[in-house]
Every structure is written in structure tokens, then in C-alpha cells.
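See below for the structure under consideration.
Proteins come first, then strands; the chains are lettered A, B, ... in the order of their sequence lines, and each starts at number 1.
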Protein chains: 4
Amino acid sequence: MTAAIKIIAAQGLSAPTAMIGKEAGVSNGALFTYFATKADLLNQLYIELKAEMAAATTTDLPTEADTREQVRHVWKGWLRWAIDHPQERRALAHLGVSHEVTAESHEAASKSYADVAALLDRSRASGALRDAPLMFVASLVTGIVDATVDYMTQDPASAEKHDAAGFEALWRILT
Amino acid sequence: MTAAIKIIAAQGLSAPTAMIGKEAGVSNGALFTYFATKADLLNQLYIELKAEMAAATTTDLPTEADTREQVRHVWKGWLRWAIDHPQERRALAHLGVSHEVTAESHEAASKSYADVAALLDRSRASGALRDAPLMFVASLVTGIVDATVDYMTQDPASAEKHDAAGFEALWRILT
Amino acid sequence: MTAAIKIIAAQGLSAPTAMIGKEAGVSNGALFTYFATKADLLNQLYIELKAEMAAATTTDLPTEADTREQVRHVWKGWLRWAIDHPQERRALAHLGVSHEVTAESHEAASKSYADVAALLDRSRASGALRDAPLMFVASLVTGIVDATVDYMTQDPASAEKHDAAGFEALWRILT
Amino acid sequence: MTAAIKIIAAQGLSAPTAMIGKEAGVSNGALFTYFATKADLLNQLYIELKAEMAAATTTDLPTEADTREQVRHVWKGWLRWAIDHPQERRALAHLGVSHEVTAESHEAASKSYADVAALLDRSRASGALRDAPLMFVASLVTGIVDATVDYMTQDPASAEKHDAAGFEALWRILT
DNA sequence: CATGAATGAGGCTTCATTCAT
DNA sequence: TATGAATGAAGCCTCATTCAT
């Protein structure tokens, strides 16, 4: 699994299963005792990565604090995870557009985000997007996070500034 | 070319060249009269689509109007193109993450956006992101556009509302 | 034709007909107005080259001189032609082992050597190989010529010495 | 390998790898488990055949006997191998002129002939070719062997006579 | 007759998947 | 259950040959 992430991040989804097996230290045949199919592996990987990413945003969430604080916590967690797991992010970028990843997997992945979605819903309650579909708002937010992480990665010296600017943009949209 | 867009939108980048040829009404061999390589085709396609998309946002730009009006024009053009060209958008999504698309192609593509970038720069001049790198702001904007288009496509009945909400979010970020 | 020689010498028999056409300054299609088939071209080329090579050995043959003198003349002509036409030689090396060159072509080519063969027959009349089949002797001779040319080409500084050594070997075999 | 020899002898170097695989009783894909590339197969084949041929000439070489005896031994071994392995010989003829066979392979192959070359050097020590480059002499010898084998193969009834005539020619050249 | 784009069969190679050990 | 050699379908690309202009 870790192997798959590394290989897919580096080579894309067309990476041979044999190479993933090698990286994982198992034979090419053994891979298929764990995953019936390459598509299976990709789907499980997708779900797992999404879940992991979601978990990173909600652990230790200060549920008693005010909304802004909680959003800030999620924001921080998200950024930290993304920056600490560049390969995971790259792999997800590939998996996200793949035809091999089924609608069911996308469904399953979105469930991991229930808590984040709920928080988002509370945050925008009295904002400009109060009447927009929640998923739409979530998409906007995801876009902002991705852009922010991209620039923090490219220009680590000004990471702090990008972080602040990104959060500023986010908060403006929500409120 | 049009054929490639259609096939890639439907099947992804792993679509056989033979299928693209067939869709275009030419033999599999003929494809390589026009493109030396599959990668070549993908790169040219990427550059062309990006250019076309950029063109859709800046034609008839009211350069004398105030900034908000111009941003609104670009926004409208962008949305219209995206909604009218779902296959092109899908193909671009695939091409954007592909390893086959070279850095040179990305470079070339970004040149098409010079005008839009300049406008963006003017718009955020006195806004919260006035000190952020322009490309960072552009990424944020792209994220918002993509999210908006996604939801206008998924829920055409409320297209107007999504449009408005998206622009609202955009404008908030810039000013 | 000259083009074919050049290209085949450089690339072998797998050289594309299009490349030969280009070198000759005609379109790929035009080639097939002159030669029905690539195999046709190769066969004609083989016969022509063999004939040319044979001609180079017998022009101005001093038919009145003694046998050794005549053999010496053929030897000289052969060496000269081979050294002056390295591409032709290379092309012939490829054509000689090709399956595309038919038995008829080999037959036709050998006819060009009638005069040389007759001379050879006279030369060995009282020699050690007087009872061997003429073609066998011819093969031996060809082997010696080829070896000599190879070394004269590789080491032009000592060309004279190789020439002499080669002829010495030849004459020893014949007499 | 044996399959490759057979197929290449029959069809030349343009023989499909699939056909070689089939002859060997393995699938087309399996071939590439053993040889990364068709060129690889050809190079290994060339080296192996050359080595085998060289080995056939020097096994049981009577190193204590006089030079003529030793040359005779090599001659016999060479002829025997060539006559017993017509396919190997044909394959070698193709491989010898191929562009796919690299200079390194030729280098490697020539190393197999160190012993034969040394013997040759001793044999011609006081002969007419004593000052010619050894490799030149070797080429002459190879030419004679090839011619002899060709005729022994074509006309097996007189094999004995051709053998004798060939050796006679050889010995005349050396001494 | 020449052109050169188009054809399409065929070759080399890759790789997901299977299976005997 | 693990191994890794074997399978064979499929993909990219080449090139002899054809044919409309």
C-alpha cells in the first residue's frame, strides 16, 4: 500500500503492478492474493487515502471552540497533512480522475468527510453562500486548499504568508 | 483532434490511438502522419485546448469598462465555454495530470493566459491578496471556476444561482 | 539506384523504401513506378552491382599477355573497384545473404563472371587445384579478394603490402 | 536459443520473435523474460555460436604435435562443426552482417579465437605471409574454410576431395 | 507520370493475471 | 500462502504499397 502510493506518485496509474510489488517487497504474484485486481488496489487506495486525509483534519477538533477556531483547526490539519504527504497527494490527484475508481469509491470517500461537511455547513450558515448546496461550497473550499498547498510547496520560504492568504480567502467565502 | 477530445473525454489517456483514428475516420497508421507520437498528440491537444479556453474568456473584453465588469466578462466567458464544451473540459482534466504532457507544454499553455492574468492582477490590486503571488491567486480563481462549473453542470436547474454564488465568492477573494 | 546503394550500405536491407526515394529525390510513391516491389529493386540492384564489379575486372584485359599478367590485371581491377566503391561493397554484402534476392538473380549475376571464370580455369590448369570444381576455386579466390580488400581499407597505409601479400596467396593457390 | 538458430537460418534476421518463441514452445511474451530485446537475443546468439565454433576447433588439440598436425586438427574440427551444424552456419552468416550485432559482440566473439589465432601465427612464422597482420591471415583462412565447407555441403560425394584441396590451398598460403 | 497522404497488416514489447511448484 | 515464470491480449509504431489528385 505504502509502496503503491510511492510508485503511483512517481509514475502515475500506468505503473506496472510488478513494480508496486517489488517496492513492497513481495512477488508480483503475491499482490493478487491481497487485491483481486489492479482496479481493486486503486479503489482501496483511493478510499484509504481520502479517509486518512479526512482524519488528519478532524483529530483533536476543539468542538467546544467557536466556529472560526474549528475551521482554522481543520484548515491547519489539512495543510499539514498535505505538506507532510506529498506522495499521497500526488497519488490522489491521479486516482481522482481515473476511470478505474468507481462511483462507489467516491461515495465511500465522501462519507469520511461528514464531520468536515457539517462544520462547513455551520460556518457558512450566515454567510453569502448560505443557500448554495453544501457540496458546492465544499468544492470551493477544496479548490482553495489545493491552491494553497501547491504554493506552499513550491515556495516554502513564504509558506506562512500563503497559509494566511489562503485562510483569508476561505473565510471571506464562508462569511 | 476533435476525435481525440471525444475519445479521451470518454476513456481517459489510455484510450488506444487506433480508437482515436477510427473516431476521426482515418486509419490507425494515418494518425502518425500528423503526430509523430501519441505523446505528441496529447501535448498539442493540451496546448490547443488551453488556448481555446483562454480565448473564450477574452474575446470582446470591454477593456474600457471598470474592472469588475471585465472580471465579470471573463467569468461569463469561462463558464460558457466550460458548459458548452464538457468533453474538452474532461479531456483537459486528464491531460492536466498526465506525465506525458511536458513542462514545455504547461509553459506554452500558461502564455495563453497572459491577458487574464493581467486583469486578475489589476483586480486584486487593493484587495486582501494584493501581496500574494499572482499565480497563487490564479490557482484560487481556477479552483472556484471549476467548482462552479461542476455544480452548474450537475444541477442545471439552479445554474443561475450557482453562477451568482460562484462570482460572489470570487469577488470576495479578490477585493 | 545510386540512392539505394547509399542507403542500403548505411542502414542495411531494412531501410525504408521512402528513405531511398528521398535520397533519390523522388517521392515514395514514384519508386514503385520504377520497381514493382522492394524485392524487385533489391534483385535488380544485386545483378547490376555484380555486373559492374565484374566489368571492372575485365575491361582492358590484356588477352594476349601471359596468364599471370592477366590474373594480375583482374586482381588489380577487382581491388580498385572494391576500394573505390565501399558503399557498393557494403550493399552487396547485405544483398548477398538476403532471402529477397532470388536464385535467378544469383544465376544472372554469375553469368557476368564468365570471362573471369574462364581465366581462372586456365590459370589453375596445371596447379594443385586442377581437379577441383571451378566454382570451388572461384569461391576461394573471392574469399582471398575480400580479405585483402578488407585489410587494405582498414589499414590504407600498408595497402601496397596487403595487395602484394594477397596476390601472393592467390597465386600460390592457383599454381 | 536452438529455436532461434533454426528460425533465423530459415528466415533470416527479420524472422518475427513470435515465431522464434513458437518454435521454442513458449509464448511470444516469454521470450522477453530471457532476452530484454530482440537485438539482445541476436547478440547473445552471435557470441555463443562463435564460441561454440571456436571450441569445436580446439578441443583435443595435440599441442605437442608439430604445427602442420595442429593446423590439420583445427581444420578438421572446423569442417566437422560446419558440416554438422548447417543451420548454425547460416544463422552466423546473417548475424555477421547485421547492424544489430554490436562491435562489443564482435569483440567478445574474437576473443574465443585466441588459441586458433596463436596457432595461425606460429604456422605462418616462416611463410610468405610472415609479415602480414595476423588478422589478415585469419581472414584469408576463414575465406578458405567457408569456401571449402560450401562445396563439401553442395557436393557431399566429393567431400573428401574438397577437403584435401581446401587444406592444400590453406597450407600453401601459410608456408 | 509524379506526388504524398492514406492504408492496414504486422512487428516488438509491455503487463495484468494465472498457475505449477 | 508465496513465488516468479509463463501467458497472450493489446498497444504503439513502421512501412510497403495504393490511389486520388
Side-chain angles (χ1 to χ4, degrees), chain A residues 4 7-8 11-22 24-42 100, chain B residues 4 7-8 11-22 24-42 100, chain C residues 4 7-8 11-22 24-42 100, chain D residues 4 7-8 11-22 24-42 100:
Chain A
I7 297 293
I8 290 173
Q11 320 239 349
L13 298 181
S14 59
T17 53
M19 191 173 284
I20 295 173
K22 192 177 180 187
V26 303
S27 70
N28 51 359
L31 206 72
F32 291 86
T33 55
Y34 305 114
F35 307 96
T37 275
K38 187 184 189 180
D40 254 39
L41 164 59
L42 298 182
E100 316 248 37
Chain B
I7 297 292
I8 289 173
Q11 319 241 345
L13 299 181
S14 58
T17 54
M19 191 173 284
I20 295 174
K22 193 177 182 185
V26 302
S27 68
N28 50 4
L31 205 71
F32 296 90
T33 315
Y34 307 112
F35 307 97
T37 275
K38 186 185 190 180
D40 251 43
L41 164 59
L42 298 182
E100 314 250 36
Chain C
I7 297 293
I8 290 172
Q11 319 241 346
L13 298 181
S14 59
T17 54
M19 190 172 285
I20 295 173
K22 192 177 180 186
V26 303
S27 69
N28 51 358
L31 206 72
F32 291 87
T33 55
Y34 305 115
F35 306 96
T37 273
K38 186 183 189 180
D40 253 40
L41 164 59
L42 298 182
E100 316 250 36
Chain D
I7 297 292
I8 289 173
Q11 319 241 346
L13 298 181
S14 58
T17 53
M19 190 172 285
I20 295 173
K22 193 176 180 183
V26 301
S27 68
N28 50 3
L31 205 71
F32 295 89
T33 314
Y34 307 111
F35 307 97
T37 276
K38 186 184 190 179
D40 251 42
L41 164 59
L42 298 181
E100 315 250 37

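Side-chain atoms of T37(B) never come within 3.5 Å of backbone atoms of D40(B) as a donor-acceptor pair (strictly under, hydrogens ignored).
L41(B) places its CG atom 16 Å from the P atom of dG11(F), with the value rounded to the nearest Å. Taking atom CG of residue D40(D) and atom P of nucleotide dC12(E), one finds them 14 Å apart after rounding to whole Å. In this entry the distance linking CZ of F35(C) with P of dC1(E) reads 14 Å, nearest Å. The nearest whole Å value for the distance from the CG atom in L13(C) to the P atom in dT14(F) is 20 Å. Counting to the nearest Å, the P atom of dT14(F) and the NZ atom of K38(C) are 15 Å from each other. Going from atom CD of E100(C) over to atom P of dC15(F) covers 14 Å, rounded to whole Å. Nucleotide dC15(F) holds its P atom 14 Å from the CD1 atom of I8(C), rounded to whole Å. In this entry the distance linking CG of L31(B) with P of dT7(E) reads 11 Å, nearest Å.
Proximity of Y34(B) to the phosphate of dA5(E): no side-chain N or O atom is located under 4.0 Å from OP1 or OP2. At least one side-chain nitrogen or oxygen of S27(A) sits closer than 4.0 Å to the OP1 or OP2 atom of dT3(F). Taking only side-chain nitrogens and oxygens, T33(A) comes nearer than 4.0 Å to OP1 or OP2 of dA2(F). Residue T17(D) places at least one side-chain N or O under 4.0 Å from the OP1 or OP2 atom of dC12(E).
Among the heavy atoms of the strands lying under 4.0 Å from T37(A) are primed sugar atoms or P, OP1, OP2 only; no base atom is included. Among the atoms of the strands shown, none is found under 4.0 Å from any heavy atom of A39(C). A24(D) comes within contact range of no nucleotide atom at all, as no heavy-atom separation falls under 4.0 Å.
The nearest pair of heavy atoms linking L42(D) to I8(D) is CD2-CD1, 3.6 Å. Taking every heavy atom of both residues into account, I7(A) and A15(A) meet most closely at CG2-CB, 3.5 Å. Shortest non-hydrogen contact noted between K38(B) and L13(B) is NZ-O, 2.9 Å. When every heavy atom of L31(C) is checked against every heavy atom of G21(C), the shortest pair comes out as CD1-CA, 4.2 Å.
Mapped onto DNA chain F by nearest heavy atom, A15(C) and F32(B) fall at different nucleotides, with F32(B) at the one closer to the 5' end. Nearer the 5' end of DNA chain F, as judged by each residue's closest nucleotide, is the contact made by G25(D), out of G25(D) and G29(B).
Annotation: side chain of L41(A) is in contact with side chain of I20(A) (closest heavy-atom distance under 4.5 Å).
Stem regions annotated for DNA chain E: E:2-21 with F:2-21, counting only runs of 3 or more consecutive pairs of Watson-Crick or G-U type with both contacts under 3.5 Å.
For N28(D), whose side chain is taken as the heavy atoms from C-beta onward, the closest listed nucleotide among dT17(E), dT7(F), dT13(E) is dT13(E).
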